[in-house]
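All remarks here apply to the structure that follows.
Quantities reported herein were computed from a predicted structural model and do not represent experimental measurements. Naming: A, B, ... by sequence-line order, numbering from 1 per chain. FYI, side chains are in, hydrogens and waters are out, and symmetry mates aren't considered; it's all heavy atoms of this structure.
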2 protein chains.
Amino acid sequence: MPRVSSDHLQARRRQILDGSRACFARHGYEGATVRRLEEATGLSRGAIFHHFKDKESLFLALAEDDAERMADVVAQQGLVQVMRDLLSDPHGRQGSVPGAEWLGTRLEVSRRLRTDAEFRSRWAQRSEQLTAATRERLRRQRRSGNLRDDVDVDVLTSYLELVLEGLVSHLAMGFPADDLDPVLDLVEESVRRHRNG
Amino acid sequence: MPRVSSDHLQARRRQILDGSRACFARHGYEGATVRRLEEATGLSRGAIFHHFKDKESLFLALAEDDAERMADVVAQQGLVQVMRDLLSDPHGRQGSVPGAEWLGTRLEVSRRLRTDAEFRSRWAQRSEQLTAATRERLRRQRRSGNLRDDVDVDVLTSYLELVLEGLVSHLAMGFPADDLDPVLDLVEESVRRHRNG
């Protein structure tokens, strides 16, 4: 029964990713011990490392999973909407907001990128999805006439990613975010076509 | 000779701040041991802690000193220029670029804000200078007609600070910065008055 078996594998993999997400977010990479990962996922270390070679591979799979889900939101609603979701529910408490669940993972990725050169090279190969989704969304917006056409799409993509990075850092440092909605309005407006321009 | 004595104290204080800046940037707060601070400043621990109560006070004085110097650049040239300086010489190697020397301290401040609640409350009282300098500069720009007048100055200030935070984070993670000049052009343009708008 290969189909059932594959479904089962997928479900188990999902269980591990979802359980370990909260664990890495709360304890950081080093603090997410195998014992804590067992508790968080409800599975034994044998079961966890049957699906993922080691903790590093599990963390990278998680970060990749989050990046895919963010890329989906970006494709449908744009990167500014991802930022708005993050503002409205930074710690993903509502559960229904897909944009914000990844903050913990993202912070841990940021931290390791700063401190771990080997991780940086492994991550570089996997971090292109979000950029690609953002760029593709902007291209579609330009074709439908909603995007300003005097600035290169690559520049607009880098701009939005830089603001996202600032927002992630702002939240990570515990600064208040309740006054940032008009800032995101300004960001959104600066990539839009100025109809009366 | 109180004047000479005061000059001497100031010079010694400056020597300690400048020496320890590189030490904190290289080793991080925890890694900047008293022995390393002695080596970096060329002074004994007795001399160092005659001027600063403890390592925490030294680090806060350093961060405050950097914030003052950044605020001076902001007052004269604006926050976007601070960001351009950072791009052109992120690690302050040219020495002559005042905007960039603070990156190491700033990164360490960011890290401690994320991980140390007590530091966060001590820092909050000291971090207003840059915001105040940015706001004041924008107000002057508005009075001289260079700033857009359809968005509140506080929103523009938060916007520029958010982009700066993104840039600091971007550089901290070792991402390439050579394509960000046109992004900063876009940021600058988004706060300017649109003359043909």
Listed once per pair and sorted, the side-chain hydrogen bond (donor to acceptor under 3.5 Å, both in side chains) pairs that draw on residues 55-65 of chain A, sequence neighbours left out = A:R14-A:D65, A:R21-A:D65, A:Y29-A:E56, A:D54-A:S57, A:E56-A:R112, A:E64-A:R126

Residues 155-166 of chain A: residues contacting chain B (heavy atom under 4.5 Å, by number) = A:V155, A:L156, A:S158, A:Y159, A:L162, A:V163, A:E165, A:G166

With a 4.5 angstrom heavy-atom cut-off, which part of A:D154 approaches chain B: side chain, backbone, both or neither?
-> neither

Around B:R140, counting heavy atoms of other residues, nucleotides and ligands shown, do more than 12 lie under 6.0 Å from its CZ?
-> yes

A:A117, A:G28, A:A172, A:S190: which one forms the most heavy-atom pairs within less than 4.5 Å of chain B?
-> A:A172

Toward chain B: residues of residues 32-44 of chain A with heavy atoms under 4.5 Å = none

What residues, two or more places apart in sequence or in another chain, satisfy side-chain hydrogen bond (donor to acceptor under 3.5 Å, both in side chains) together with B:D185?
-> B:R84

A:R192 atom CZ: more than 12 heavy-atom contacts under 6.0 Å | no

